[in-house]
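Note sheet for the following structure.
Here is how names work: the chains are called A, B, and so on, in the same order as the sequence lines, proteins then strands, and each is numbered from 1. Computed over heavy atoms, backbone and side chain alike; hydrogens, waters and symmetry mates excluded. Values in this document were obtained by computation on a predicted structure and should not be read as measured data.
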There are 2 protein chains.
Amino acid sequence: MSTPDASEAPGSSSLPAGQTTTRDDAVDRILDAAYELFSRRGIRAVGVDQLIERSGVAKATFYRHFPSKDDLVLAFLALRDQIWTVDLIISDARNRGNTPEEQLLAIFDVFGDWFQREDFEACSFINVLLEMGREHPLGKASIGYLARIRGHIQELAEEAGLERTEEFARSWHILMKGSIISATEGDVLASKRAQQMASWLIEQHRGPERPVTA
Amino acid sequence: MSTPDASEAPGSSSLPAGQTTTRDDAVDRILDAAYELFSRRGIRAVGVDQLIERSGVAKATFYRHFPSKDDLVLAFLALRDQIWTVDLIISDARNRGNTPEEQLLAIFDVFGDWFQREDFEACSFINVLLEMGREHPLGKASIGYLARIRGHIQELAEEAGLERTEEFARSWHILMKGSIISATEGDVLASKRAQQMASWLIEQHRGPERPVTA
DNA sequence: GGTCTGACAGACCGGTCTGTCTGGTTGCTC
DNA sequence: GAGCAACCAGACAGACCGGTCTGTCAGACC
């Protein structure tokens with residue numbers, strides 16, 4: 001789980017990249033530990049000492065790269081956007097469906113598989129938003145990443161030729177978030193229920209002239 | 001639950017005694033403070049010292065009535081179930097609609113008003129579940145209270161003569177929870193979007209012989 | 001009057017939190 | 001070899017955490 005692009009901001013000073021043995025190594029280990037711990041246990045429940053121990057890094061090294069814990073959480077959210085939103089959900093859904101409509105509905109197939117993993121950890125953006133509050137900088141950042149998810153949905157809706165794609169994406173997102181909470185409660189079939197409602201939503205946003213052909 | 005309305009400004013406790021009703025007074029003040037603080041800021045963000053100060057109670061008194069902070073949180077969840085679930089949502093929705101179907105849909109009218117309050121605090125059961133985790137006793141308790149909400153929905157669905165009421169209630173609950181998260185993000189129209197999808201859900205759960213009469 | 005209960009006030013405990021700082025080590029560059 | 005940058009290890013500071021405990025006081029009951 002190396003970081004392809006997100007983050008890397010703090011360490012890239014004016015060194016001409018002559019050495020990479022321990023250059024980004026510490027940052028990567030910190031981010032790996034952060035991803036593992038934050039996504040599973042939340043923000044406040046994970047202390048800096050745990051992150052230090054898990055990543056095998058000195059405390060000074062930690063604070064050199066991330067001046068505060070919140071800075072690390074911001075980097076974690078960016079990483080989560082790449083690993084979870086993009087790589088795990090959207091890309092997978094796009095691969096599973098042939099048409100944009102199928103790709104949209106495939107999101108809930110991906111959810112179905114995801115819900116059944118015993119290490120299912122829910123949506124970090126929702127978690128952080130509710131844990132920190134919408135006024136907190138981390139809550140605001142989470143709202144931004146949730147909006148990015150809606151952007152992906154809207155993009156797919158436009159590819160599918162649906163109408164009123166922004167409202168479509170907002171309604172769709174309600175189904176995604178609601179099913180995630182239900183799955184957290186233990187309802188592994190929540191993805192199927194949401195998918196059924198999602199198909200009705202697609203019907204309502206199809207153009208009037210467009211036939212119902214597959 | 002001992003607090004019927006949970007009003008009672010917290011500052012009116014410095015009276016020079018003189019009354020015998022100090023019996024449950026301390027408990028009520030603690031619960032009032034807990035409701036105010038827990039519902040707005042979460043569990044871990046509220047310390048015992050804050051609860052002590054807000055309720056104007058001695059620490060020993062606090063721990064006499066609630067042997068641990070978690071015990072108080074459990075009492076808070078029970079209080080939230082009464083004040084929020086029953087009194088604020090279900091009863092209000094029942095009063096707003098004439099038929100059971102109207103009462104069901106009125107839930108999202110109540111949500112619409114609730115979402116617009118500037119002190120909108122989302123759903124404490126979801127908050128606690130996500131904050132503490134589903135394995136934690138408080139998370140499990142929250143799951144139980146969420147199931148109670150589904151029970152109210154299923155009850156209304158049965159009164160409306162709908163079919164497969166348990167699955168109906170689970171799908172309906174997805175819409176409720178998803179719209180709450182969206183409202184937390186700032187989408188005050190989330191209640192309308194959910195209500196639209198909810199009406200489709202009702203249609204799909206009506207008996208086949210039943211006409212579409214209003 | 002004596003006793004008991006429950007409330008208040010607040011010191012205090014061990015532990016954890018975020019964040020700072022010192023000291024020693026490694027490895028690259030000049 | 002000197003300098004330097006980044007690393008590891010860990011003590012330390014100051015705040016806060018949940019929870020315990022001592023002590024004082026007011027009212028109820030015998």
Pull out every protein N or O sitting under 3.5 Å from an N or O of nucleotides 17-19 of chain C, one pair per line with the distance.
unit_1	atom_1	unit_2	atom_2	d
C/dT18	OP1	A/Lys69	NZ	2.8
C/dT18	OP2	A/Val48	N	2.6
C/dG19	OP2	A/Lys69	N	2.8
C/dG19	N7	A/Lys59	NZ	3.2
C/dG19	O6	A/Lys59	NZ	2.4

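Atoms CD (A/Glu53) and P (D/dC8) sit 14 Å apart, rounded to a whole Å. Here the P atom of nucleotide C/dC8 and the CG atom of B/Leu51 are 14 Å apart, to the nearest Å. Between A/Ile52 atom CD1 and D/dC7 atom P the separation is 12 Å, expressed in whole Å. With rounding to whole Å, B/Phe66 atom CZ is found 15 Å from D/dG18 atom P.
Remark: B/His65 is not in phosphate contact with C/dG6, judged by side-chain N or O atoms under 4.0 Å from OP1 or OP2. For D/dC7, one of the phosphate oxygens OP1 or OP2 lies less than 4.0 angstrom from a side-chain nitrogen or oxygen of A/Arg64. Dashed line: the shortest gap from a side-chain N or O of A/Thr61 to OP1 or OP2 of D/dC8 is under 4.0 Å.
For A/Asp187, the salt bridge (charged side-chain N to carboxylate O under 4.0 Å, His left out) partners at least two apart in sequence or on another chain are A/Arg193, B/Arg170. A/Phe108 pairs by the ring-ring contact (aromatic ring centres under 6.0 Å, His included) definition with A/Phe111, A/Trp172, not counting sequence neighbours. B/Lys69 pairs by the salt bridge (charged side-chain N to carboxylate O under 4.0 Å, His left out) definition with nothing, not counting sequence neighbours.
Looking at A/Glu36 and A/Arg41, no side-chain N of the basic residue comes within less than 4.0 Å of a carboxylate O on the acidic one, giving no salt bridge.
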With a 3.5 Å cut-off and sequence neighbours excluded, list the donor-acceptor pairs that the side chains of residues 139-148 of chain B form with protein atoms.
unit_1	atom_1	unit_2	atom_2	d
B/Ser142	OG	B/Leu138	O	2.9
B/Arg148	NE	B/Asp81	OD1	3.4
B/Arg148	NE	B/Asp81	OD2	3.1
B/Arg148	NH2	B/Asp81	OD2	3.0

Under 3.5 Å, sequence neighbours excluded: what are the donor-acceptor pairs made by side chains of residues 150-159 of chain B?
unit_1	atom_1	unit_2	atom_2	d
B/Arg150	NH1	A/Glu185	OE1	3.2
B/Gln154	NE2	B/Thr165	OG1	3.3
B/Glu158	OE2	B/Thr165	OG1	3.3
B/Glu159	OE1	B/Arg94	NH1	3.2
B/Glu159	OE2	B/Arg94	NH2	3.0

